[in-house]
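What follows is a short report on a single structure.
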2 protein chains.
Amino acid sequence: MPSKVSSSSKDGNSPKISEATVSRLPAYYRALSQLADAAQVRVSSEELAALTGVSSAMLRKDLSHLGSYGTRGVGYEVEFLRYQISREMGLNNDWSVVIVGVGNLGRALAHYGGFGSRGFRVVALVDADQTLIGTKVKCGAEGKTVELLVHALSDLEDVIKETNARLGVVATPAESAQVVSDRLVKAGIRSILNFAPVHLSVPEGVDVRKVDLASELQILAFHEQRKAV
Amino acid sequence: MPSKVSSSSKDGNSPKISEATVSRLPAYYRALSQLADAAQVRVSSEELAALTGVSSAMLRKDLSHLGSYGTRGVGYEVEFLRYQISREMGLNNDWSVVIVGVGNLGRALAHYGGFGSRGFRVVALVDADQTLIGTKVKCGAEGKTVELLVHALSDLEDVIKETNARLGVVATPAESAQVVSDRLVKAGIRSILNFAPVHLSVPEGVDVRKVDLASELQILAFHEQRKAV
DNA sequence: ACACATTTGTGCAAAAAAGCACAAATCCTC
DNA sequence: GAGGATTTGTGCTTTTTTGCACAAATGTGT
């Protein structure tokens with residue numbers, strides 16, 4: 001059994017952070033970034049919890065899984081905690097992202113500031129549409145925009161190899177999503193963000209996260225309907 | 001205590017479908033729609049589960065909360081089950097959606113086919129940007145596109161009243177999201193889909209669902225980092 | 001140096017979700 | 001019409017997640 005003392009920078013085994021906790025870390029990270037921008041030095045679990053919409057007890061337990069980075073009676077140091085979370089989540093390395101599907105959504109994603117900043121960089125755009133291939137699309141939010149060439153879907157493997165992309169975004173129509181996914185996986189991508197409204201089946205070891213706009217609306221509608229009793 | 005027999009069309013109290021189940025119903029609904037389009041008449045829990053990426057046991061338990069709509073030894077009738085889910089989720093009524101923030105994302109959402117179809121209709125676009133107000137934006141996917149005028153943010157309340165919108169989509173920058181949310185709530189909106197990377201605090205009785213692109217990538221990055229041990 | 005006010009970290013309890021396994025119900029074949 | 005092959009619906013178990021409450025640790029003031 002490994003010692004429990006503050007897991008040093010390169011702990012051999014994973015201390016097993018629960019999935020629920022992982023899903024909340026980004027929110028903590030963002031709130032801490034905001035506080036840092038506002039030059040706030042310290043923050044209590046209560047305050048940070050309020051900013052992120054969780055209970056303070058849950059926040060403390062989540063953070064305790066990363067290590068004991070707070071000071072009792074005082075709170076957490078904003079910059080220090082932010083750094084610890086970013087390190088834990090691997091936001092220090094920067095991650096290369098390939099977006100497949102340069103329709104309205106794909107383009108919006110390419111422009112999206114949250115992608116460009118904080119560790120993520122869109123390095124390649126791919127589409128099957130002949131009329132799009134070869135055109136240039138602006139990537140990144142204002143500040144550091146880059147123009148990227150849209151590559152042919154048939155070059156997907158080469159593009160991934162050349163750009164060293166490790167994260168794949170599927171923003172294609174539902175019909176082509178599975179095929180694209182298969183090719184991403186074959187090209188070595190093991191983490192996929194899927195915006196197409198279908199379930200992607202992938203081999204073990206590959207992670208898929210799904211963002212489904214229509215589903216979210218449907219869930220809202222369900223609850224909305226219940227309210228109107 | 002209410003009888004447990006098949007909750008009839010207008011059951012007085014909610015049979016309490018768990019949140020986890022609700023979040024999966026849209027996936028079932030979509031898979032069933034696909035099957036229906038392919039003219040498939042029946043489907044087993046095993047098959048539908050495979051299409052949606054859940055276990056067959058979980059699927060059956062989820063569906064059992066809606067009622068006993070399958071036939072043992074046979075399976076489920078595609079059209080019938082699809083209808084039951086759509087009824088349960090209120091997809092028969094059509095829901096009017098107002099989108100606040102007509103940037104890249106807002107426009108992509110307006111175009112998005114999944115919104116226009118199946119019960120949802122974008123009825124209003126609102127933005128604070130003077131250069132956008134008064135311009136027209138195409139809404140809906142190919143087939144039935146509509147041009148919508150972009151209204152001024154200051155007219156938000158009127159627009160909501162006139163269009164009878166019940167669902168609000170926040171696609172503004174983080175800075176303005178909370179203000180917009182407050183105004184949506186004040187105008188009577190009680191279901192909000194939030195794409196801005198901040199937590200919205202809303203009074204009780206208002207539902208907010210958050211879609212956060214950067215968070216999703218960060219979660220993927222976390223797991224990706226762990227793989228590379 | 002000592003009591004006191006804070007605020008974290010965490011053991012334990014409760015609730016929610018997921019998984020298992022099988023009885024009950026249906027269809028099909030002979 | 002009886003037996004066998006399916007497939008649903010569900011009771012029970014296990015796991016995960018959340019919530020509570022308080023001891024432990026720190027800072028403060030006198």
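Within every chain, numbering begins at 1; the chains are lettered A, B, ... in the order of the sequence lines, protein sequences first and strands thereafter. Bear in mind the structure is a predicted one, so any value in this text is a computation, not a measurement.
- In this model, a side-chain donor or acceptor of B:Lys61 finds a partner on the base of C:dG19 within 3.5 Å.
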Begin from the C-alpha positions of B:Glu77 and B:Arg42 and carry the test salt bridge (charged side-chain N to carboxylate O under 4.0 Å, His left out) through to its verdict. CA-CA 5 Å; B:Glu77 284 212 37; B:Arg42 279 204 283 252; 5.5 Å; no
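- Every residue meeting the side-chain hydrogen bond (donor to acceptor under 3.5 Å, both in side chains) condition with A:Arg166, not counting sequence neighbours, appears here in chain and number order: B:Glu224.
- One finds a side-chain N or O of A:Ser68 lying less than 4.0 angstrom from the OP1 or OP2 phosphate oxygen of C:dG9.
- Between A:Tyr28 and A:Asp62, the side chains place a donor N or O and an acceptor N or O closer than 3.5 Å (distance only, hydrogens not considered).
- Put simply, CZ on B:Arg60 is 11 Å from C1' on C:dG19, counting in whole angstrom units.
- The separation between B:Leu59 atom CG and C:dG19 atom P is 13 Å, rounded to whole Å.
- Within residues 46-57 of chain B, no residue places a heavy atom under 4.0 Å from DNA chain D.
- Judged by distance alone, the side chains of A:Asn164 and A:Ser96 never bring a donor and an acceptor atom under 3.5 Å apart.
- Phosphate proximity of C:dT7 to A:Ser44: absent, as no side-chain N or O sits under 4.0 Å from OP1 or OP2.
- The shortest side-chain heavy-atom distance between B:Arg209 and B:Asn194 does not fall under the 4.5 Å cut-off.
- Regarding A:Asp62, its CG atom lies at a distance of 12 Å from the P atom of C:dG9, rounded to whole Å.
- Residues of residues 19-30 of chain A that place a heavy atom closer than 4.0 Å to DNA chain D, in numerical order, are A:Glu19, A:Ala20, A:Arg24.
- A donor-acceptor pair under 3.5 Å links the side-chain atoms of A:Ser33 to the main chain of A:Tyr29, judged by distance alone.
- Partners of A:Arg60 according to the salt bridge (Lys or Arg N to Asp or Glu O under 4.0 Å) rule, which considers only residues two or more places apart in sequence or in another chain, do not exist here.
- One interatomic measurement links the two molecules: NE2 of B:His65 to C1' of D:dG11, which rounds to 12 Å at whole-angstrom precision.
- Checked against the 6.0 Å centroid criterion, the rings of B:Tyr76 and B:Tyr69 do not qualify as a close aromatic pair.
- In this structure, the side chains of A:Lys227 and B:Ser191 come closer than 4.5 Å at one or more pairs of heavy atoms.
- Within the structure, every side-chain polar atom (N or O) of A:Tyr69 is placed at least 4.0 Å from both OP1 and OP2 of C:dT7.
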Could you write out each protein N or O paired with an N or O of nucleotides 25-30 of chain D at a distance under 3.5 Å?
residue: D:dT26; atom: O4'; partner: A:Arg72; partner atom: O; Å: 3.4

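- In this structure, B:Ser45 does not reach the D:dT7 phosphate: none of its side-chain N or O atoms is under 4.0 Å from OP1 or OP2.
- Look at A:Glu157 and A:Arg183 and you find a salt bridge, because one of the NZ, NE, NH1 or NH2 atoms lies within 4.0 Å of a carboxylate O, short of that distance.
- If you check residues 202-211 of chain A against DNA chain C, you find no residue with a heavy atom closer than 4.0 Å.
- Separating the CG atom of A:Leu81 from the P atom of C:dT8 is a distance of 11 Å, rounded to the nearest angstrom.
- A straight line from CG of A:Leu66 to C1' of C:dT10 spans 15 Å, rounded to a whole angstrom.
- Side-chain atoms of B:Trp95 never come within 3.5 Å of backbone atoms of A:Leu220 as a donor-acceptor pair (strictly under, hydrogens ignored).
- At the phosphate of D:dG9, OP1 or OP2 sits under 4.0 Å from a side-chain N or O atom of B:Tyr76.
- Paired with B:Ser181 under the rule side chain to side chain contact (heavy atoms under 4.5 Å, CB included), one option of B:Val100, B:Val202, B:Val206 passes, and it is B:Val202.
- Between the side chains of A:Glu88 and A:His65, no donor-acceptor pair is found at a separation under 3.5 Å.
- If you check the side chains of B:Glu47 and B:Gln40, you find a donor sitting under 3.5 Å from an acceptor.
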